[in-house]
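To start, the structure itself, in structure tokens.
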Amino acid sequence: MWMKLCSKCGERAEIELDYARMHLCDRCFVDFYERKVRETVKKYKMIGKEDKVAVAVSGGKDSAALLFVLRKLFPDLSITAVHINVEIPGYSEECEQKFRELARIVGVDSIVYNTREKLGITTPDFQKTVYKDRICSPCGTIKRYLLNKIALENGFTKVATGHNLDDTVEVLFNLYVQGDIQQLVRLRPVAPSTHPKLVTKIKPLIEMTEKENLLYALKNQLPFKEAPCPLASGSRSRERKKLLEMIEGKMRGFKHTLFSSHVKRILPVLEEGVKLPSFVECSSCGMPSSEDPCAFCRRIKMVRGNP
Ligand code: AMP
Ligand code: ZN
């Protein structure tokens, strides 16, 4: 068999990136990855010099890569790593451990928020509610709310998450199939603050594939938890991902193209035409929301019951 050579430097290639028709050696891959993240950050004007960025780190590969690459690309930027421990047995403890290890290696301040200690609830509590078969939904709502709240209370100006291209395209595909315009208009690289209590959200890895994030985390020997969350059912999501993988196999660059068409061509039209619901103040927590009580307070109440 022929030895593949790096498309950039001609050395022996270790990595194949199908969508870009490239073979890369380890060094050129790391260089390529970092350039691409820098381009994404610049293209969507994600970060300014004065920003104080809260990087949401789950303990998984994507957000590990995110924290490491942001520190490397922007050494003078104010960065704090934030982790939410939702107390899933056999999972969350190790995620927090990986998080602490990573924050130490990268050399950033860190905040750990434990939902049992602070709120008296955990994600497994939702197994007793109507969410028992789709526990990711309340868990996601709670984490999103808390990340915003933590950012607000600590004066962070941006919340960065490690959402990758594969996950984004899977959600995008689903939203198009369902014609969910309200959610489609929210699916974007930057969600600017639309209320003084809502901090701008940025997704610097939104154009990086899952494989690229994994390789970057591995090449840099970052600590991360490999096993997926044991409570995530995810079978439908896995099926959809397989389907999209098949399309990618027949149409090279399909995922990148779908995402870029969405951002460049569809989003500007949607943003003009779709009216997002206006805010009311949640009577329970005071945060802006489209409903009162807000989604977070309703979920919490579901588990705690009426006081
Ligand atoms: P997921 O929806 O689990 O793929 O997570 C998407 C992004 O949300 C991750 O890349 C992280 O940036 C953030 N995130 C998820 N879970 C947590 C957590 N427990 N603590 C902090 N950030 C998280
Ligand atoms: Zn509320």
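Starting from 1, each residue takes its place in the sequence as its number. Since this is a predicted model, take the numbers as computed values, not measurements. Each ligand, and each atom within it, is numbered from 1 in the order the structure gives.
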Any N or O of Ala160 closer than 3.5 Å to N or O of ligand 1: no
Would you check if Ile266 and Tyr176 make a side-chain contact, meaning some heavy-atom pair closer than 4.5 Å? yes
Any heavy-atom pair between the side chains of Met302 and Tyr131 that's under 4.5 Å? yes
Heteroatom proximity flag, Ala56 to ligand 1, N/O under 3.5 Å: yes
Against heavy atoms of His163, which atoms of ligand 1 measure under 4.0 Å? 6 (C), 7 (C), 10 (O)
Shortest protein contact, atom 17 (C) of ligand 1 (heavy atom only): Ser58 CB, 3.4 Å
Which residue is it: Thr115, Thr122, Val86? I am looking for the one with a side chain to side chain contact (heavy atoms under 4.5 Å, CB included) to Ser92. Val86
Closest by any non-hydrogen atom to atom 10 (O) of ligand 1: pick that one out of Ala81, Ala232, Gly162. Gly162
Is any side-chain heavy atom of Tyr145 closer than 4.5 Å to a side-chain heavy atom of Ser289? no
Under 4.0 Å to a heavy atom of His83 - the qualifying atoms of ligand 1, by number: 20 (N), 21 (C)
Quick one: do Leu77 and Ile111 end up in the same hydrophobic cluster if we chain Ile, Leu, Val, Met, Phe, Trp and Tyr together by side-chain heavy atoms under 4.5 Å apart? no
Just to be sure I'm reading this right: ignoring hydrogens, which of Asn213, Val57, Leu67 gets closest to atom 21 (C) of ligand 1? Compare them by their nearest heavy atoms. Val57
Would you mind listing the cluster partners of Phe224? Hydrophobic ones only (ILVMFWY), side-chain contacts under 4.5 Å, chaining allowed. Leu214, Leu218
Which atoms of ligand 1 have any heavy atom of Ile84 under 4.0 Å away? 18 (C), 19 (N), 20 (N), 21 (C)
For residues Val190 and Thr200, determine if any side-chain heavy atom of one lies less than 4.5 Å from a side-chain heavy atom of the other. yes
Check whether any protein heavy atom sits under 4.0 Å from atom 5 (O) of ligand 1. no
A correct count of protein N/O/S atoms found below 2.8 Å of the Zn ion (ligand 2) gives 4
Lys143 N/O to ligand 1 N/O under 3.5 Å: yes
Here the atoms of ligand 1 under 4.0 Å from any heavy atom belonging to Val82 are 21 (C)
In this structure, which one of Glu207, Glu39, Arg188 forms a side-chain hydrogen bond (donor to acceptor under 3.5 Å, both in side chains) with Tyr44? Glu207
I want to check a possible cation-pi pair here: Lys225 against Tyr91, using under 6.0 Å from ring centre and within 45° of the ring axis as the test. no
Any idea which atoms of ligand 1 are less than 4.0 Å away from a heavy-atom of Thr161? 12 (O)
Please tabulate, for side-chain N and O atoms in residues 166-174, each donor-acceptor pair with protein atoms closer than 3.5 Å (sequence neighbours left out).
unit_1, atom_1, unit_2, atom_2, d
Asp166, OD1, Glu210, N, 2.7
Asp166, OD2, Lys255, NZ, 2.8
Asp167, OD1, Lys241, NZ, 2.4
Asp167, OD2, Asn164, ND2, 3.4
Thr168, OG1, Asn164, O, 2.6
Glu170, OE1, Ser237, OG, 3.2
Glu170, OE2, Arg240, NE, 3.0
Glu170, OE2, Arg240, NH2, 2.9
Asn174, OD1, Arg240, NH1, 3.4

Donor-acceptor list for residues 273-287 side chains, cut-off 3.5 Å, not counting sequence neighbours:
unit_1, atom_1, unit_2, atom_2, d
Ser283, OG, Asp292, OD1, 2.8
Ser283, OG, Asp292, OD2, 3.1

Do Thr157 and Asp51 get their side chains close enough for a donor-acceptor pair, meaning under 3.5 Å? yes
